[in-house]
Engineer: 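Sending over a structure as structure tokens; questions will come in a sec.
Computed from a predicted model, the values in this text were never measured in an experiment. Residue numbering restarts at 1 for every chain, and letters A, B, ... go by the order of the sequence lines.
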Amino acid sequence: MDYFFQQLINGLTLGGVYALVALGYTMVYGIIQLINFAHGEIFAAGGYLGVILLSYMASQGLMDSHPWFGLAFALILAMGYCAMLAMAVEKVAYKPLRQSSRLSVLLSALGMSIFLQNGLMLTQGVYDKAYPTEFTHGGFEWLGVRVSFMQIGILLVTTLLLVLLNTLVFRTRIGKAMRATAQDKVMSALVGIHSDKVISTTFAIGAALAAAAGIMVGLYYGSVRYDMGFVPGIKAFAAAVLGGIGNITGAMIGGLIIGMVEILAAAYIPAGGEYKDVFAFVILIGVLYFMPTGIMGENVDDTRV
Amino acid sequence: MSAKRVILTLVAMCLMAGTATAATLKIGSLSPLTGSYAADGNDIANGARAAIAAIEKEGGIPGFDKIELFAEDDACDPRQAVAAANKLVNEKVVGVVGAYCSSATIPASETLAEADIPMLTPASTSEKVTERGLPYMFRVCGRDDDQSIAAMKFIKDMLAAKTIYIVDDKTTYSQGLADNVEKLANKEGLKVIAHDHVNQGDKDFSAVLTKIKDAKPDVLYMSLQNSASGALMLIQAKRAGVTAAIIGQDAVYHPQLMEIAKDAAEGMYLTFGYIDEETPSYKKFLAAYEKFGKPGAYSAYSYDAAYSLLSAIKAAKSTDPAKIKAELIKGEMQGASKKIKFQANGESGSNYIIRVVKDGKFANFWDPQTGKKY
């Protein structure tokens with residue numbers, strides 16, 4: 001039984017990571033129906049900024065005296081930096097193509113993804129970069145199930161950001177503007193909503209979440225690498241679709257399901273370890289076949305999402 | 001194009017070709033400079049660069065002003081390896097150091113063989129590399145079959161293990177070694193609890209490690225073709241509470257293993273060619289390699305490959321492949337990685353020993369030949 005619960009914890013952690021990245025995908029899609037393939041690279045950039053900041057602080061001895069302060073500082077700085085990076089990406093690669101066909105924007109997003117990944121490789125090198133992880137190694141064992149503080153941390157941060165995001169979207173002015181723009185860009189512009197600004201803000205918020213995810217993942221696994229954004233990007237995209245793309249709670253649930261399916265397939269199905277991605281995507285296809293809008297998606301017509 | 005322009009272009013090309021080959025000795029390197037294996041691939045290119053620097057410091061090769069390295073990226077992909085090999089043929093290199101993946105070395109070597117260009121691989125351990133009978137194919141590292149024999153000897157004689165759990169990441173290298181170990185274990189009467197596969201590039205191994213913790217094997221044979229993946233598995237194994245002895249192979253031999261895994265790497269065993277760090281040739285290698293950072297798994301092998309090639313050219317006073325081959329086979333050289341004595345089939349012999357991670361460093365641990373600890 002402890003074996004099952006241990007695998008459950010493993011699945012929840014992995015799912016939490018996917019969910020954090022999926023939030024950004026789903027928000028951007030909700031507003032401008034763009035699958036932002038460069039999102040995974042923003043996540044990687046966040047991870048790299050985290051390792052640079054934390055290593056610097058560790059070398060100054062700050063991580064020994066005030067580890068949690070240092071971590072919060074790195075998180076905030078990386079989130080801010082990635083928000084600006086994403087806004088720049090939006091300005092360069094997506095805004096000029098806003099009136100073009102969806103295919104052009106999609107290709108532009110793919111190109112941006114490759115550009116950013118190579119940029120990371122050229123500036124940061126091809127080697128993995130190690131996180132100073134001494135202060136995150138702790139954990140506890142309860143009835144034979146090991147839980148590390150980082151696993152709890154990932155789930156806590158994911159839940160916290162989900163709540164914050166929901167509050168932002170449903171309780172604030174900018175949230176209202178975002179929902180209005182998502183519904184009808186032209187009409188909301190006519191009633192005085194600055195849609196470019198709203199879109200920019202959406203990118204920034206999504207990127208900040210991705211940066212947080214990058215740092216959490218770096219701390220959890222102990223290292224970052226220039227191509228680390230690709231696989232979680234694809235999985236998170238799948239999670240967003242599974243949850244009903246455009247729906248924030250759906251992205252979280254989708255992420256947890258994909259993470260859980262991967263781990264449980266590897267744990268209980270013979271040769272599951274090598275085919276775990278297959279199982280995750282079979283579930284995705286199955287759900288989309290029977291529930292075309294995803295788990296939490298509403299059935300809407302083309303004019304509003 | 002008018003006749004005049006054709007003639008002018010031809011003249012210009014002749015002039016360019018003339019100046020380029022005047023006094024530059026060109027050698028090539030093939031390795032994955034991008035992609036998952038970029039770390040090892042860059043080590044290989046840097047090892048060759050270090051050998052060139054060392055040879056030039058010793059007075060260079062008579063008849064040539066300088067030695068130039070053409071480092072090509074094969075991305076560990078058979079097609080790209082052939083394209084890169086063709087590029088090196090067009091550059092008229094006299095010898096090639098590489099490649100890294102056996103699956104890239106084999107097709108590239110066929111291309112180079114057509115142009116009679118000697119190829120010395122510092123890293124491809126597959127038996128097939130030398131068993132095809134190519135006249136100018138040499139290998140500086142050891143062979144897979146020897147490596148798995150050394151590992152199994154250690155598991156049986158030194159650790160006295162009864163049960164073993166095998167994990168590989170499905171690359172030709174890692175799966176080949178893992179299959180060999182499984183076969184040997186069955187022959188030796190060890191119980192193979194399971195042979196699981198993960199995917200190359202996976203970051204999360206928690207599911208399989210929880211399985212391993214539950215199965216309580218004496219030994220975990222961790223067959224991963226990347227030091228960074230190895231580090232991730234070590235961290236997660238410690239976190240999951242796996243107590244089995246962990247044995248890896250030469251592909252995880254890299255300083256970044258300890259940089260990432262830190263104390264989780266302590267006590268991990270791996271099979272690796274014996275290195276005597278006290279020999280003058282190793283010290284010479286370290287001095288030449290210094291500007292590229294700490295040497296990785298294949299830096300010394302690549303340095304030795306390039307150094308042997310250049311020494312052979314120097315001794316032969318010619319870039320004729322047959323003469324280079326004759327010199328390579330004739331000589332015996334104390335390299336940075338090992339004592340190198342090429343046989344007619346291109347092998348230089350394996351010298352696998354067991355190393356252990358101790359205090360954040362790789363240390364010689366056990367010799368399978370003598371069965372003694374260092």
Engineer: Which bit of Asp196(B) is near chain A, if near means a heavy-atom gap under 4.5 Å: side chain, backbone, both or neither?
Structural biologist: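 For Asp196(B), neither part sits under 4.5 Å from chain A.
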Engineer: Identify the heavy atoms of Arg239(B) and Arg146(A) that sit nearest to each other, and give their distance.
Structural biologist: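 In terms of heavy atoms, the two residues are closest at O-CD, 3.2 Å.
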Engineer: Side chains of Thr34(B) and Asn118(A): does their closest heavy-atom pair fall under 4.5 Å?
Structural biologist: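 No, every pair of side-chain atoms sits at 4.5 Å or beyond.
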Engineer: In terms of heavy-atom contacts, does OH of Tyr56(A) have more than 12 from other residues, nucleotides or ligands at under 6.0 Å?
Structural biologist: no
Engineer: Surrounding OH of Tyr3(A) (heavy atoms of other residues, nucleotides or ligands, distance under 6.0 Å), is the total greater than 12?
Structural biologist: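 Enclosed.
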Engineer: If you count heavy-atom pairs under 4.5 Å between each of Asp169(B), Leu232(B), Val198(B) and chain A, which one has the most?
Structural biologist: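 Max contact count across the listed options: Leu232(B).
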Engineer: For residues 274-285 of chain A, tabulate all N or O donor-acceptor pairs below 3.5 Å that involve a side-chain atom, not counting sequence neighbours.
Structural biologist:
unit_1, atom_1, unit_2, atom_2, d
Lys276(A), NZ, Asp202(B), OD1, 3.3
Lys276(A), NZ, Asp202(B), OD2, 3.0
Asp277(A), OD1, Lys235(A), NZ, 3.1

Engineer: What part of Ala194(B) lies closer than 4.5 angstrom to a heavy atom of chain A: side chain, backbone, both or neither?
Structural biologist: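 Neither part.
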Engineer: Pairs in or reaching into residues 152-162 of chain A: which pass salt bridge (Lys or Arg N to Asp or Glu O under 4.0 Å), with residues at least two apart or in two chains?
Structural biologist: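 Residue pairs with at least one partner in residues 152-162 of chain A: there are none.
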Engineer: Give, as side chain, backbone, both or neither, the part of Lys170(B) having an atom under 4.5 angstrom from any heavy atom of chain A.
Structural biologist: side chain
Engineer: Decide yes or no on side chain to side chain contact (heavy atoms under 4.5 Å, CB included) for Lys203(B) and Ser223(A), but give the supporting numbers first.
Structural biologist: CA-CA 10 Å; Lys203(B) 267 192 178 293; Ser223(A) 67; 4.2 Å; yes
Engineer: Should Tyr221(A) and Gln236(B) count as side-chain neighbours, where that means a heavy-atom distance under 4.5 Å?
Structural biologist: yes
Engineer: Would you indicate whether the side-chain heavy atoms of Glu259(B) and Tyr127(A) approach each other to under 4.5 Å?
Structural biologist: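 Side chain of Tyr127(A) against side chain of Glu259(B), heavy atoms only: no contact under 4.5 Å found.
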Engineer: For Leu33(B), which atoms come within 4.5 Å of any heavy atom of chain A: side chain, backbone, both, or neither?
Structural biologist: backbone
Engineer: Given a strict heavy-atom distance threshold of 4.5 Å, which part of His195(B) is in contact with chain A: side chain, backbone, both, or neither?
Structural biologist: neither
Engineer: Determine the minimum heavy-atom distance between Lys211(B) and Ala267(A), stating which atoms define it.
Structural biologist: CE-O, 3.5 Å
Engineer: For atom CD of Glu290(B), decide whether the heavy atoms of other residues, nucleotides or ligands shown that lie under 6.0 angstrom number more than 12.
Structural biologist: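 No, CD of Glu290(B) has 12 or fewer neighbouring heavy atoms, counting only those of other groups under 6.0 Å.
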Engineer: Go through the atoms of Phe230(A) and report whether side chain, backbone, both or neither lie under 4.5 Å from a heavy atom of chain B.
Structural biologist: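 Phe230(A) has no heavy atom closer than 4.5 Å to chain B.
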Engineer: Do side-chain atoms of Gln7(A) reach the backbone of Ala207(B) as a donor and acceptor pair under 3.5 angstrom?
Structural biologist: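 Yes.
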Engineer: For the CG atom of Asp128(A) and the OG atom of Ser227(B), what is their distance to the nearest 0.5 Å?
Structural biologist: 7.0 Å
Engineer: Please find the pair of heavy atoms, one from Ile235(B) and one from Gly222(A), that lie closest to each other, and give the distance.
Structural biologist: CD1-CA, 4.3 Å
Engineer: With a 4.5 angstrom heavy-atom cut-off, is it the side chain or the backbone of Asp43(B) that approaches chain A, or both, or neither?
Structural biologist: both
Engineer: For chain A, find which of Gly296(B), Gly201(B), Gly241(B) contributes the most heavy-atom pairs closer than 4.5 angstrom.
Structural biologist: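 Among the listed options, the one with the most contacts to chain A is Gly241(B).
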